[in-house]
Amino acid sequence: MNNPIPKEPLFGKTLSQLIDLVDEQKMPAFTAAQIADWLYKKPVSSIQEMTNISKKHRDVLDSKYSFGLSDPVKVQESVDGTKKYLYQSAMGKFIEAAYIPEYSRSTLCVSSQVGCKMGCLFCMTGKQGFQGQLSAGEIVNQIRSLPERDQLTNIVYMGMGEPFDNLEGVMQSLEILTSDWGFAMSPKRITVSTIGIIPAMKVFLEKSNSHLAVSLHSPFEDERRKLMPVENVYSLPEVLKTIKEFPLGKQRRISFEYIVFKDLNHSQKHANELAKILNGIRCRINLLYFHPIPNTPLEAPTAEVIETFKRALEAKGLTTTIRKSRGQDIYAACGMLSTKELLKTAT
């Protein structure tokens, strides 16, 4: 017996897509706004709960579409309060979202792809290889289905995958999150991270007001190339030139993510070069602890080394913060938990 074809989910559709959908189904035009309201503003999880839509039209929707939400299949909680949620994607693979509570804010780190094709030396997700794109609905579901959603203040696209390698899904998810008909979040509460895929980065800078974070990790092209193969395609000078070409409003900032590796990228020479190449960009540098992963030559430095490097950068006039290392006891490095689940299902 053949398995039935899964119904297309409503969750993850934009208002314009819903307008086309109701027109196709010969429903009143205002039904699109009603569906969006139920999908993104009300705590329901089935089409039949959309009670201001006629029963006839609900039945039509129910016969052709699913609501499209899915709960996490597993959660791990750290001693520091960080939680790693595991979700199963439509293709049956696993993705992760990390909830990070702090004193005055709570951040969710969401995934945009299943696996990743970028092959960065320090990334566990890259070791999985690329397995598929997440739809806009699957991205936003990580937020909508979060048990702590009411406490959430910030969202970062820094989980599994390269967001700008899934530009359509990411931009559609941002539209849902920031539109009045959607979650109506301020774009200033959302940061999208990239390793520097220039064409997609240009689209993002033109069409979104959310913050941009760029994975930097070394100011020297030859050194960065060993860490991040993307340097062979989109070089760091080209990435920085693109950023400088876009005027940034007062409320928008650029962050540069910089994982510090033992005996590799934290010398005075690195601080001097960073000050040189970032001159003219209003930005801050986030220094990150390296979470060790299997089968990599990279090691984490001591906290003292990172503090010393921070002072060297600040002496050069660069706004610099050290991001606390969170959730080390729960497979905190991105991709660790889903890789474990992937291996389990394969045996």
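A search for ring pair (Phe, Tyr, Trp, His ring centres under 6.0 Å) contacts involving F256 returns nothing, not counting sequence neighbours.
With values rounded to the nearest 0.5 angstrom, N279 atom CG is found 11.0 Å from K316 atom NZ. Put simply, OG on S45 and CG on L39 are 11.5 Å apart, with the number rounded to the nearest 0.5 Å. Distance check: T153 OG1 to M185 CE gives 8.0 Å after rounding to the nearest 0.5 Å. The OG atom of S215 sits 11.5 Å away from atom CE of M118, with the distance rounded to the nearest 0.5 Å. Atom OG in S218 sits 7.5 Å away from atom CG in L274 (nearest 0.5 Å). Put simply, CG on L278 and CG on L216 are 6.5 Å apart, with the number rounded to the nearest 0.5 Å.
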For E257 and S193, what are the C-alpha separation, side-chain angles and deciding distance, and is it a side-chain hydrogen bond (donor to acceptor under 3.5 Å, both in side chains)? CA-CA 9 Å; E257 308 293 302; S193 177; 5.9 Å; no
Side chain to side chain contact (heavy atoms under 4.5 Å, CB included) assessment of L86 paired with V75: CA-CA 6 Å; L86 194 72; V75 60; over 6 Å; no
Step by step, would you call Q133 with D165 a side-chain hydrogen bond (donor to acceptor under 3.5 Å, both in side chains)? CA-CA 9 Å; Q133 304 284 23; D165 190 40; 4.6 Å; no
After noting the C-alpha distance and the side-chain angles of K310 and E314, does the key distance pass the salt bridge (charged side-chain N to carboxylate O under 4.0 Å, His left out) rule? CA-CA 6 Å; K310 177 177 183 284; E314 288 174 334; 2.7 Å; yes
Can you check side-chain hydrogen bond (donor to acceptor under 3.5 Å, both in side chains) on N272 and Q268, steps first, answer last? CA-CA 6 Å; N272 295 344; Q268 185 62 50; 2.9 Å; yes
Walk me through it: do I195 and Y234 pass the test side chain to side chain contact (heavy atoms under 4.5 Å, CB included)? CA-CA 9 Å; I195 59 174; Y234 302 114; over 6 Å; no
Run the side-chain hydrogen bond (donor to acceptor under 3.5 Å, both in side chains) check on Q128 and T125 step by step: do they pass? CA-CA 5 Å; Q128 291 184 11; T125 303; 5.4 Å; no
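Here the side chain of R58 pairs a donor or acceptor atom with the backbone of I53 at under 3.5 angstrom. Checking side-chain atoms of R224 against main-chain N and O of V230 turns up no donor-acceptor pair under 3.5 Å. A donor-acceptor contact shorter than 3.5 Å is absent between the side chain of Q113 and the backbone of P163. The backbone N or O of G182 sits nowhere less than 3.5 Å from a side-chain atom of S179 that would complete a donor-acceptor pair. At distances below 3.5 Å, at least one donor-acceptor pair connects side-chain atoms of T31 with backbone N or O atoms of P28. The backbone N or O of S70 sits less than 3.5 Å from a side-chain atom of S145, completing a donor-acceptor pair. A donor-acceptor pair under 3.5 Å links the side-chain atoms of E138 to the main chain of A90, judged by distance alone. Side-chain atoms of Y65 do not come within 3.5 Å of backbone N or O of I47 as any donor-acceptor pair. In this structure a side-chain-to-backbone donor-acceptor pair under 3.5 Å is missing from S16 to T14. Using a distance-only test at 3.5 Å, with no hydrogens or angles considered, no donor-acceptor pair links the side chain of S173 to the main chain of V140.
The side-chain heavy atoms of R144 and Y40, taken from C-beta on, include no pair separated by under 4.5 Å. Looking only at side-chain heavy atoms (C-beta outward), L287 and T321 stay at 4.5 Å or farther from each other. Counting heavy atoms from C-beta on, the side chains of R282 and I254 never come closer than 4.5 Å. Residues L10 and L21 have side chains in contact (heavy-atom distance under 4.5 Å, counting atoms from C-beta outward). Residues L236 and E231 are in side-chain contact: their nearest non-hydrogen atoms beyond the backbone lie under 4.5 Å apart. A 4.5 Å side-chain heavy-atom check between M27 and L61 finds at least one atom pair inside the cut-off. Side-chain contact between T242 and K202: present, with at least one pair of heavy atoms (C-beta onward) separated by less than 4.5 Å. Side-chain contact check for K93 versus Q88: every heavy-atom pair is 4.5 Å or farther apart.
With no hydrogens or angles considered, no side-chain donor-acceptor pair links T191 and Y157 at under 3.5 Å. Between the side chains of Q48 and D62, a donor-acceptor pair is found at a separation under 3.5 Å. Of the N and O atoms on the side chains of E223 and H270, at least one donor lies less than 3.5 Å from an acceptor on the other residue.
Under a cut-off of 6.0 angstrom, the local environment of CD in Q151 is crowded, with over 12 non-hydrogen atoms contributed by other residues, nucleotides or ligands. More than 12 non-hydrogen atoms from other residues, nucleotides or ligands lie less than 6.0 angstrom from CD of E206.
When all heavy atoms are compared, the tightest approach of S63 to K7 is O-CE, 3.8 Å. Looking at every heavy atom in both residues, L15 comes nearest to A36 through CD1-CB, 4.3 Å. In plain terms, the two heavy atoms of I277 and K244 that are nearest each other are O-NZ, 3.6 Å. The shortest non-hydrogen separation linking K117 to F130 is CB-CB, 3.7 Å. The two atoms that bring F309 and H266 nearest to each other are CD1-O, 3.4 Å, heavy atoms only. Closest approach of G68 and N141 over heavy atoms only: O-OD1, 4.4 Å.
In the hydrophobic clustering of ILVMFWY residues, with side-chain heavy atoms under 4.5 Å counting as a link, F30 and W181 come out apart. Tracing side-chain contacts under 4.5 Å through hydrophobic residues (I, L, V, M, F, W, Y), one reaches V233 starting from I198; they form part of the same cluster. Cluster annotation: V305 is not connected to L313 through the hydrophobic network of ILVMFWY side chains, with a link wherever side-chain heavy atoms come within less than 4.5 Å.
In summary, of the residues considered (M91, M160, Q142), a side chain to side chain contact (heavy atoms under 4.5 Å, CB included) with L134 occurs for Q142 alone.
Cation-pi geometry between K269 and F220 is satisfied (NZ or CZ under 6.0 Å from the ring centre, within 45° of the ring normal).
For Y87 and F94, the ring centers are positioned 6.0 Å apart or more.
Classified by interplanar angle (parallel below 30°, tilted 30° to 60°, perpendicular above 60°), the ring pair F122/H217 is perpendicular. Between F290 and F261, the two ring planes are perpendicular [angle over 60°; tilted spans 30° to 60°].
Here D222 does not pair with K226 in a salt bridge; the nearest charged N to carboxylate O distance is not below 4.0 Å. Taking a cutoff of 4.0 Å between a charged side-chain nitrogen and a carboxylate oxygen, K13 and E8 qualify as a salt bridge. In summary, K84 and E77 do not engage in a salt bridge, as defined by a charged side-chain N under 4.0 Å from a carboxylate O.
Applying the salt bridge (Lys or Arg N to Asp or Glu O under 4.0 Å) test to pairs two or more places apart or on separate chains, those with a residue in residues 25-52 are D37-K42.
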